[in-house]
Amino acid sequence: MTKRALITGVVGQDGSYLAELLLSKGYVVRGITRRASYPHTQRIDHLFKQYDDRDAEARFRVTYADLTDSSSLQNVLHEFQPTEVYNLAAQSHVGISFETGESTLDINAIGPFRLLDAIRSSGAKDVRFYQASSSEMFGASPPPQNELTPFLPQSPYGVSKVAAFYLTRLHRIAYGMFASNGILFNHESPRRGLNFVTRKITYSIAQIIAGELDRIELGNLDAKRDWGFSGDYVEGIWRILQHTEPDDFVLATGEMYTVRDFLGQTFGLLGLDWEDFVTITDRYRRPAEVPALLGDASKARRVLGWEPKVHFGGLCEMMLAGDLAARGFTLEQARTKAATLTPKRGGA
Ligand code: NAP
Ligand code: G4F
């Protein structure tokens with residue numbers, strides 16, 4: 001039987017990689033997106049070209065629905081009849097969740113409840129549900145963190161993800177649903193949103209090389225993160241839903257670096273000293289911070305056979321090369337240009 005996957009958040013970073021993966025495996029894929037005042041389907045435009053989306057039975061289609069709108073979720077479930085539901089949609093920015101706490105809780109906590117409840121009420125017994133849980137739930141719990149580590153969230157985003165984690169487990173326990181959590185540590189890519197720290201850095205370096213920017217403004221450089229590649233993590237997400245039983249899994253690389261390390265690595269690829277180009281500002285500091293995340297993914301390795309392929313150095317190079325290429329530079333050409341730069345002093 002052909003598998004039918006519904007992906008919420010399909011126009012996001014992970015949604016785009018997951019759609020590619022599932023289509024390559026022969027799935028029929030339906031994505032949902034909410035209305036925006038300006039089209040923002042750049043991450044999946046290549047899929048529209050590859051898989052004709054005009055007729056109802058097309059392999060890949062995207063329809064409007066919103067995690068804050070129960071009837072839109074019920075309608076798409078009824079019409080599409082998925083065998084697997086991947087809930088990736090979220091207000092995913094931790095810093096911004098301090099400014100938009102109520103809507104973050106609505107989308108990230110009540111949203112998954114609406115979806116789980118709609119699946120349960122539909123009476124479809126065999127639908128498998130994936131919830132995009134986050135290492136941000138561990139918050140202030142010291143590293144390393146695994147499936148048994150207590151949650152101590154440090155942001156409205158973290159709290160919202162803890163609620164969704166337990167709602168997913170509750171539907172498993174109370175109603176026997178196949179509902180699993182992936183507790184994913186930070187994962188990045190050339191498709192990462194521009195206001196997450198890794199992409200902000202690589203994008204800004206490309207702007208500096210192109211002569212469009214002098215300095216980057218950043219907040220806390222001491223934060224430690226376990227950064228992997230989104231393309232590797234969507235393979236883990238898929239494996240979580242193919243497992244014989246519903247369960248919760250950490251996905252991580254098991255390596256931890258500071259934001260400062262990320263700066264050193266990426267600027268270093270061009271022979272530059274990051275301190276010549278970075279200004280520290282309180283503007284990007286958060287009311288509460290998650291100091292250190294380091295994942296122990298041994299359960300996923302043992303049970304699912306999942307391992308990440310891309311590690312820190314490769315990730316930095318992939319992201320920087322992507323942003324340079326978009327401005328017409330190879331790494332080699334950027335190195336040559338970098339040697340001619342005179343940093344503008346001031347700042348940190
Ligand atoms: P992302 O690029 O921000 O994608 C999230 C998507 O959710 C966006 O396409 C967004 O649409 C959509 N969305 C937001 N509110 C919605 C709503 N009300 N209804 C429908 N769609 C909505 O995030 P990502 O990095 O791909 O992450 C995917 C998921 O994994 C998120 O749930 C995130 O919290 C979680 N997660 C991510 C990481 C990570 O390091 N990347 C780690 C752990 C967990 P718009 O484009 O319209 O805003
Ligand atoms: O890149 P970030 O915004 O990612 P953060 O907060 O770790 O959250 C990401 O990973 C979570 C998994 O742990 C996901 F659930 C979540 O959806 C998201 O994908 O910030 C990383 C660190 C933070 O400590 C932040 O304070 O970088 C620090 N930072 C320093 N300067 C900055 C900046 N972060 C941002 N976004 N922008 C800065 O200018």
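All of these numbers come straight from a predicted model, not from anything done at the bench.
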S.K.: Within the distance-only criterion (no hydrogens, no angle test), does the side chain of His40 pair as donor or acceptor with the backbone N or O of Ala36 below 3.5 angstrom?
M.R.: no
S.K.: In chain order, what residues pass the ring pair (Phe, Tyr, Trp, His ring centres under 6.0 Å) check against Tyr157, with sequence neighbours excluded?
M.R.: none
S.K.: Answer yes or no: is there an ion pair linking Asp14 with Arg191, defined by an N-O contact shorter than 4.0 Å?
M.R.: no
S.K.: If the threshold is 4.0 Å, N to carboxylate O, is there a salt bridge linking Glu79 and Arg30?
M.R.: yes
S.K.: Under 6.0 Å between the ring centres of Phe196 and His93?
M.R.: yes
S.K.: Who passes ring pair (Phe, Tyr, Trp, His ring centres under 6.0 Å) against Phe229, sequence neighbours left out?
M.R.: Tyr17
S.K.: Looking just at side-chain N and O atoms, do Asp323 and Thr202 make a donor-acceptor pair shorter than 3.5 Å?
M.R.: yes
S.K.: With sequence neighbours excluded, what pairs up with Glu217 under the side chain to side chain contact (heavy atoms under 4.5 Å, CB included) test?
M.R.: Thr279, Thr281, Arg283, Tyr284
S.K.: Which ILVMFWY residues are connected to Met256, directly or by a chain of links, through side-chain heavy atoms under 4.5 Å apart?
M.R.: Leu294
S.K.: Applying side chain to side chain donor-acceptor pair (under 3.5 Å), can you list everything that pairs with Asn87, at least two apart in sequence or on another chain?
M.R.: Thr8, Gln131
S.K.: Considering only NZ, NE, NH1 and NH2 on the basic side and carboxylate oxygens on the acidic side, decide whether Lys224 and Asp261 come within less than 4.0 Å.
M.R.: no
S.K.: List for me each residue that meets side chain to side chain donor-acceptor pair (under 3.5 Å) alongside Lys3, sequence neighbours excluded, and say none if there are none.
M.R.: Gln242
S.K.: With sequence neighbours left out, what residues match Asn195 under side chain to side chain donor-acceptor pair (under 3.5 Å)?
M.R.: none
S.K.: Using the rule that two of Ile, Leu, Val, Met, Phe, Trp, Tyr join whenever any of their side-chain heavy atoms come within less than 4.5 Å, decide whether Val162 and Phe185 are in one cluster.
M.R.: yes
S.K.: Establish, from distance only, whether the side-chain atoms of Asp45 and Thr41 form a donor-acceptor pair under 3.5 Å.
M.R.: yes
S.K.: List the residues meeting side chain to side chain contact (heavy atoms under 4.5 Å, CB included) with Arg128, not counting sequence neighbours, and say none if there are none.
M.R.: Glu84, Phe178, Leu241
S.K.: Could you check whether any side-chain heavy atom of Arg172 comes within less than 4.5 Å of a side-chain heavy atom of Asp248, counting everything from C-beta outward?
M.R.: yes
S.K.: Is Asp117 paired with Arg114 through a side-chain N to carboxylate O contact shorter than 4.0 Å?
M.R.: no
S.K.: Could you work out, with ring pair (Phe, Tyr, Trp, His ring centres under 6.0 Å) as the rule, every residue matching Tyr203, not counting sequence neighbours?
M.R.: none
S.K.: Tell me, please, which residues at least two apart from Thr198 pass side chain to side chain contact (heavy atoms under 4.5 Å, CB included).
M.R.: Glu188, Arg192, Trp227, Phe262, Met319
S.K.: Could you pull out all residues at least two apart from Gln154 that satisfy side chain to side chain contact (heavy atoms under 4.5 Å, CB included)?
M.R.: Ala140, Ala288, Val290
S.K.: Is the distance between the ring centroids of Trp306 and Tyr233 less than 6.0 Å?
M.R.: yes
S.K.: Mind checking side chain to side chain donor-acceptor pair (under 3.5 Å) for His311 and listing every partner two or more places apart, or none if nothing turns up?
M.R.: Glu255
